[in-house]
Amino acid sequence: MKKSVILIIAIVYLGSVFIVGLLGIRMGLYNKTVYTEEIIYLPNGKVDETLSNDSREVYRQSENGVMEVRYKQRHENGFDVYITAPYENNLSFELKFEVRPDNVTKHGFDYAYDVNKTYRTDPETGEPIGNGNVKFTVNVDGNAVITFMDMDKAEETFDVRVTPSDGANVNLIVRINVKKRTT
Amino acid sequence: MKKLISLLLCLALSAGIFITAAGCEKTTDPGSDSEQGSSVSAPDDSSGDNDRNVFISGAVQLPSNVIAYQGNSSVKDNDPAPDPRYRQTEFFVTGRSYVVGDDNAFRFKPQVNFVDDLDLPAAAPADWTYGYTLEVKEGNAFVPADETYFDSVNNVTCEFDFSDAAKGKTVRLSVTPDGLTAAQEENIANYTASFEFNVVDGYNVYSAKEMAYMSNSPAAIAGDGSLKGNKPGDHNEAQAGWKAVRDENGLTLNPTDVKALILHENITVTTADIAQSMLISAEEVAGDPNAEFLTGSLRDYSHIGVYHRVIAPGDQFVIEGNYFTLDAQAIPVTYDHTGLGQNIRFNDDGSVEESGVISHIQLFFFETLEYSHKLHAIGLEKDELNDTDTYAAIRNLSVIGNSPRTEDKAAQGGLIFEKNDGIFFEADNLISKKFFITLFSQGEGSGVYRNVKVFDSYNSPVFVWGQEDVRINNLLSTNSGGPGIICTMYKYADSTIARSLFPHIVATDCVFDNPVTGNEAWFALVGASMLVPQVQMLDQPLKAGINRGFLKDGKMNIYAIVLNDSGSKFPTNEIEVYVEINGNVLDYGNGAKEGDKSNAGSGVNAVEYSATLNGTLATYGMAGAPVIETSGGGLMFIDDTLTPHYPNAAWAPYLALGNMLNLYQYNSAFGFLGVALEYYPAQA
């Protein structure tokens with residue numbers, strides 16, 4: 001090996017020791033688990049400044065009349081996001097969320113809702129159970145999809161409580177309110 | 001001209017700004033009258049505007065906490081964990097019935113969607129009333145129940161206080177808001193919230209303050225001052241401290257009369273919710289150079305607990321979680337080990353530079369002061385207990401502590417979740433995160449742990465200090481910094497010191513998945529770091545001889561460590577402990593005889609480290625050498641050249657069998673020590 005190569009290796013080696021010692025770099029034996037601290041709802045519409053104020057942000061989807069309201073502090077009636085829309089068959093909402101911090105160890109969400117409002121069928125007979133009109137699914141991205149279908153009642157309200165899959169003690173509640181248009 | 005045009009443009013712009021600022025708002029049609037409830041003037045709403053009409057719009061829903069219960073108690077199919085047992089929010093047992101107590105009111109107020117004339121959510125009118133019906137289950141059907149099932153009902157706040165008549169019954173409560181329109185009345189089911197639950201003797205908890213009913217610490221107990229961390233007067237302080245919490249919050253019941261605490265929401269416990277006597281005061285550390293960091297830290301009691309429950313013979317106490325979460329992350333750690341502030345060094349920012357603290361303090365401490373049941377309950381189930389047995393349980397609860405698996409030395413002072421001493425204790429269907437130790441059994445009595453998940457703990461999920469009946473079924477532990485089970489016996493030659501206790505542990509269907517390098521913080525804390533290289537070296541002859549071992553990618557998975565806690569006093573005491581893990585038996589002299597290989601090939605029978613074995617080893621100049629057994633029945637020891645030797649050549653082939661390896665040795669620091677490790681298959 002050439003002397004110059006040996007010299008370079010020695011310089012790099014000693015330099016590394018110096019830099020690591022100076023900066024105090026410490027190699028961790030394992031990555032500490034990072035838990036979710038906050039869940040953020042990602043709205044779909046555009047901001048409606050006329051209805052927004054210090055306590056809420058209002059978003060509208062002009063093409064279908066859907067209005068989303070995101071509250072900066074949880075509304076006293078117990079939800080963080082309020083979505084209202086006129087009913088049409090198979091009216092569907094995709095709820096998207098993200099978490100803080102970005103580097104949580106375990107990603108994913110759990111969803112809780114009133115199962116009596118969901119469309120259910122008997123696993124043996126296939127016949128509908130109850131009078132639920134809401135279909136709740138989770139797509140491959142982990143987002144919740146809520147579909148209102150065959151609704152014979154005039155109106156329906158459906159809350160979704162979102163919690164992180166890492167079990168952190170945080171949650172976000174979305175309320176969806178749909179009503180049939182009256183003629 | 002140009003100036004004129006500019007002036008006109010400025011005026012037009014100003015006019016536009018003025019009009020916008022004046023707040024022209026678009027009004028929306030609130031909908032047809034046939035679908036609206038009665039309109040009332042709301043006192044206030046979220047928009048800050050007053051004097052709007054308020055309507056019921058949309059269907060009624062179950063209360064938010066009941067929806068949360070439905071989610072918490074369900075299977076989490078969308079969790080991508082390859083093994084469902086590792087799902088951190090899914091309980092082992094899902095779908096258990098909801099429980100309600102009869103000591104105080106149960107809150108069941110449906111969620112009614114009130115909106116204003118902008119169709120935006122409005123505050124629920126404070127005086128809105130609700131109608132209700134109650135049914136009781138008889139056989140498979142629900143029949144109307146009368147008002148005798150209630151001590152009182154408030155139809156505005158929807159608080160239902162059940163009477164003794166309801167205790168032990170399954171009921172269905174249905175609540176509907178008043179003031180519905182005729183059209184809404186025609187579809188009344190859409191505006192009614194119904195819920196089925198069991199009524200028991202207990203107190204309904206909605207805030208952390210109400211957890212104060214758990215503590216019934218006596219003024220003093222025998223032995224105060226001789227128990228580690230306790231000094232005379234500590235119980236008196238705890239009693240007074242918790243009485244102050246109850247008095248400040250109008251909690252007037254006698255805590256001993258409260259037989260169960262039943263959660264109806266996630267509960268977060270902070271220092272403001274606990275007896276202040278649990279915290280180090282500024283006065284007692286005044287003048288200490290670390291006073292600012294020590295002030296407000298937690299005391300380190302081994303025998304009191306943040307919440308302390310003393311159970312009389314024949315009595316019981318239950319914490320029913322209803323699948324909610326008890327969050328104790330905000331409880332501070334302790335810096336108190338051999339004395340406050342000793343063995344600890346802080347950085348300028350309050351972080352811990354060095355620490356010799358080992359936490360003894362537990363969130364929940366259950367004990368009895370009378371041991372009339374002492375041997376009766378061993379091996380029994382709850383329904384077999386007699387009138388003098390004591391019983392405590394924690395069920396269907398997710399708990400979060402303040403001591404995750406970390407290199408942060410402050411976590412050494414974190415909380416033990418529960419400690420039980422001398423009682424029949426049951427933990428059933430728990431999820432635990434971030435506790436120093438989760439389940440701690442000590443003294444006489446029985447500890448029955450079922451359906452428990454333990455994640456991210458600094459130390460071990462299970463610690464047994466002498467208890468002679470510990471049954472663990474369906475426990476999963478992963479990402480713990482210490483062994484799956486730590487077990488110590490204590491045997492005193494001098495019978496006047498204390499009772500001797502020889503633990504008996506049976507663990508079935510358990511997963512201990514905690515690979516460690518041995519350099520983790522826990523090992524340094526307990527002084528085991530120096531032992532690790534010695535243990536790891538023993539893997540080499542196994543790999544060389546039979547291509548099996550207990551190291552995988554440089555890590556070992558320690559199922560259990562068994563110690564003689566009286567070693568510091570009587571270091572030559574051999575271990576007398578029975579530990580069975582998933583059918584693999586570690587019988588340290590607690591029934592097995594030396595060289596008893598009648599079950600060779602079916603389980604590990606630990607060999608007593610007796611004079612005979614020692615004599616055998618001495619012929620190799622290796623008295624005290626580590627002995628290796630496999631759960632397949634093999635036995636060998638290794639000398640200081642890492643050469644294996646076989647006391648009985650007939651057992652040698654069994655070394656290649658089994659899935660657990662037991663390492664038994666004598667060490668001057670620990671005395672006799674047993675280490676049970678996962679025994680990995682042959683490497684490809």
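Naming: A, B, ... by sequence-line order, numbering from 1 per chain. Note that these values count all heavy atoms, side chains included, but never hydrogens, waters or copies made by symmetry.
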Might you point out which heavy atoms bring [X] and [Y] nearest each other, and give the distance in Å?
X	Y	value
A:D114	B:Q70	CA-OE1, 3.4 Å
B:I67	A:A112	O-CB, 3.5 Å
B:K433	A:G167	NZ-CA, 3.9 Å
B:V112	A:R175	O-NH1, 4.1 Å
B:Q111	A:N77	OE1-O, 3.9 Å
A:K153	B:N187	CB-ND2, 3.2 Å

(message) Between A:V115, A:V69, A:T84, who has the most heavy-atom pairs with chain B when the cutoff is under 4.5 Å?
(response) A:V115

(message) For chain B, which candidate among A:D152, A:D166, A:T163 shows the most heavy-atom pairs at distances under 4.5 Å?
(response) A:D166

Part of [X] lying under 4.5 Å from any heavy atom of chain A:
X	answer
B:V66	neither
B:I400	side chain
B:S64	both

(request) Assess the side chains of B:D456 and A:Y35: does a donor N or O sit below 3.5 Å from an acceptor N or O? (result)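 B:D456 vs A:Y35: donor-acceptor pair found between side chains.
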
(message) Set out, in order, the CA-CA distance, both residues' side-chain angles and the distance that settles side-chain contact (heavy atoms from CB on, under 4.5 Å) for B:R405 and A:T33, then state yes or no.
(response) CA-CA 8 Å; B:R405 176 174 167 170; A:T33 302; over 6 Å; no

Counting neighbours of [atom1] on [X] that are heavy atoms of other residues, nucleotides or ligands and sit closer than 6.0 Å, is the number greater than 12?
X	atom1	result
A:D54	CG	no
A:K46	NZ	no
A:Q73	CD	no

[X] side, atom [atom1]; [Y] side, atom [atom2] - distance, nearest 0.5 Å:
X	Y	atom1	atom2	result
B:N78	A:T137	CG	OG1	10.5 Å
A:R56	B:L120	CZ	CG	5.0 Å
A:F79	B:Q61	CZ	CD	10.0 Å
B:T89	A:K106	OG1	NZ	7.0 Å
A:K117	B:L62	NZ	CG	8.0 Å
B:N113	A:E155	CG	CD	8.5 Å

(message) With a 4.0 Å cut-off on N to O distance, would you call B:D119 and A:K179 a salt bridge?
(response)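 Counted as a salt bridge, because a side-chain N and a carboxylate O are separated by less than 4.0 Å.
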
(request) Can you tell which part of A:S165 gets under 4.5 Å to a heavy atom of chain B, answering side chain, backbone, both or neither? (result) both

